[in-house]
Structures are given as structure tokens and as C-alpha cells.
Amino acid sequence: MTTMTGTIARMYVPTGLPYDVLSQRFESTLGAWHPATALGLIERRAPWPDVEAEAAKIAGTFGLMIIAAINQGQLTSLSGHPKKCRLYLVGNPVIATRILDVDPLAALYVPFRVAIYEADGAGGARISFDRPGSSLATLGNAKIDAIGRQLDEKIDAVV
């Protein structure tokens, strides 16, 4: 076993918005990559330019999309302690392939995670994420670091 260490930069962004409003705005700002889209491309053995075109269409202005969303608050609120929190996996399969071609271990970090949650006394809901560039930097590869900085710029623009 090998242990690697590094510093991860985590962002906490109080928005002043109610949780439901923030969730809706975040979801409407980013496109959503549906599993059926990927499955259709895989089943027809689509050429890579077709994948790139589909990703560009879905990713839109910011070049990012929601790969998956998990409403963690729904089930965990059944405990009797209501929670409003969602986890999003955010990325772009075209960007991910550039990273994974260099180091498949980067699958630990792409797509990256974004949390939206209601925080007591925080002035509304928050959006938080580990900066993708700092997570990818733990791999120690300059080529991946450059792509990680681009992802940082993209998520900053979304937020």
C-alpha cells in the first residue's frame, strides 16, 4: 500500500439564497448528462467526435454538466432530523478523457463533487466543493495540473 498526501482547497460559498432556490439555479445553470445519453453513444459505438458534440451541446456556456445528483436530505430526513442537502457530480466526459488518458487514478477526482446544503446561521444555503485543481494536483502531473486549473476556472464561473 502507498499513501499519498496533499492539500485540498475547499470552498464554502454562502449565497443568501434559500436552499430550494439555490438548488434550482445550480441545476438550471448546468446541463445534465443523462445515463441514457451515454448508453446510446456506447451502444452505437459512436465515433469520438459524436461524443464531443453531444458533450458540447449539454455542457453549454460553462463547459460543465451534472453527471449525477443525489438528494441526500430526502432519505436522511426520515431519521426525524430534517436535512436539506444535495451532492452533485460535476464534470465533462471530454475533459475527463484528457485527464484519464494521462493517469487513470484521476478517476478518484473526476467528475468532482459539489454540495448544496442548508447551513444554520449561514445566511441561506451554501455551495461547497473541493477545488478540482487541488484534488488533481495530488497526482503530481503538470499536464493534469493545467487541466485542473481550467476546471477551477469553470466552476468559479458557475458559482
Side-chain angles (χ1 to χ4, degrees), residues 8-76 83-119 124-139 141 143-159:
I8 305 295
R10 182 164 298 137
M11 303 300 294
Y12 299 95
V13 183
T15 65
L17 298 171
Y19 169 81
D20 293 330
V21 171
L22 178 59
S23 297
Q24 186 279 325
R25 284 189 185 172
F26 183 76
E27 291 176 10
S28 66
T29 298
L30 296 177
W33 181 261
H34 296 287
T37 302
L39 186 58
L41 291 164
I42 292 165
E43 285 178 347
R44 69 180 178 90
R45 299 184 190 275
W48 188 246
D50 289 5
V51 176
E52 291 175 322
E54 189 65 29
K57 182 173 66 174
I58 295 170
T61 305
F62 297 104
L64 295 174
M65 63 191 83
I66 296 169
I67 305 296
I70 304 165
N71 188 336
Q72 296 169 306
Q74 284 180 322
L75 181 62
T76 60
K83 297 165 201 68
K84 291 185 177 182
C85 54
R86 292 178 193 210
L87 174 66
Y88 298 91
L89 297 180
V90 175
N92 182 318
V94 174
I95 297 170
T97 198
R98 292 174 43 215
I99 295 167
L100 297 172
D101 283 349
V102 176
D103 189 345
L105 178 58
L108 283 169
Y109 308 116
V110 293
F112 60 93
R113 298 158 52 119
V114 175
I116 291 179
Y117 55 98
E118 189 171 73
R126 285 187 183 175
I127 185 167
S128 294
F129 56 94
D130 292 343
R131 295 189 68 73
S134 69
S135 298
L136 290 165
T138 65
L139 299 172
N141 184 294
K143 190 172 183 179
I144 292 174
D145 291 347
I147 300 168
R149 287 189 295 275
Q150 292 170 358
L151 288 171
D152 287 347
E153 291 172 6
K154 290 178 183 302
I155 190 62
D156 287 347
V158 169
V159 173

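Positions are given from 1 along the sequence. Computed from a prediction, not measured in an experiment: that's the story for all the values here.
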Can you find a heavy atom in the side chain of [X] that is under 4.5 Å from one in the side chain of [Y]?
{"X": "Asp103", "Y": "Tyr109", "answer": "no"}
{"X": "Gln24", "Y": "Asp20", "answer": "no"}
{"X": "Phe62", "Y": "Lys154", "answer": "no"}

Counting only N and O atoms by type, is there a donor-acceptor contact under 3.5 Å from the side chain of [X] to the main-chain atoms of [Y]?
{"X": "Lys84", "Y": "Glu118", "answer": "no"}
{"X": "Thr15", "Y": "Ala125", "answer": "yes"}
{"X": "Thr37", "Y": "Trp33", "answer": "no"}
{"X": "Thr97", "Y": "Pro93", "answer": "no"}

For [X] against [Y], the heavy-atom pair lying closest together:
{"X": "Asn92", "Y": "Ala59", "answer": "ND2-CB, 3.7 Å"}
{"X": "Val90", "Y": "Pro111", "answer": "O-CB, 3.2 Å"}
{"X": "Leu151", "Y": "Val110", "answer": "CD1-CG1, 4.3 Å"}
{"X": "Arg113", "Y": "Phe129", "answer": "O-CB, 3.4 Å"}
{"X": "Arg126", "Y": "Pro14", "answer": "CG-CA, 4.0 Å"}
{"X": "Asp130", "Y": "Ser135", "answer": "CB-OG, 4.0 Å"}

Subject >> Pairs flagged by side-chain hydrogen bond (donor to acceptor under 3.5 Å, both in side chains) wherever residues 50-65 is involved - sequence neighbours left out >> reply: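 Found Arg44-Asp50, Trp48-Glu52, Glu54-Lys57.
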Say you draw a straight line from [atom1] of [X] to [atom2] of [Y]; how long is it, rounded to the nearest 0.5 Å?
{"X": "Leu30", "Y": "Ile155", "atom1": "CG", "atom2": "CD1", "value": "6.5 Å"}
{"X": "Ser128", "Y": "Leu87", "atom1": "OG", "atom2": "CG", "value": "11.5 Å"}
{"X": "Ile147", "Y": "Ile99", "atom1": "CD1", "atom2": "CD1", "value": "5.0 Å"}
{"X": "Leu100", "Y": "Ile95", "atom1": "CG", "atom2": "CD1", "value": "11.5 Å"}
{"X": "Glu27", "Y": "Leu22", "atom1": "CD", "atom2": "CG", "value": "9.5 Å"}
{"X": "Glu153", "Y": "Arg131", "atom1": "CD", "atom2": "CZ", "value": "9.0 Å"}

**OP:** Run the numbers on Tyr117 and Gln72 for side chain to side chain contact (heavy atoms under 4.5 Å, CB included), then give the verdict.
**Re:** CA-CA 10 Å; Tyr117 55 98; Gln72 296 169 306; over 6 Å; no
Original post:
In chain order, what residues pass the ring-ring contact (aromatic ring centres under 6.0 Å, His included) check against Tyr88, with sequence neighbours excluded?
Top reply: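 Expected list: Phe26.
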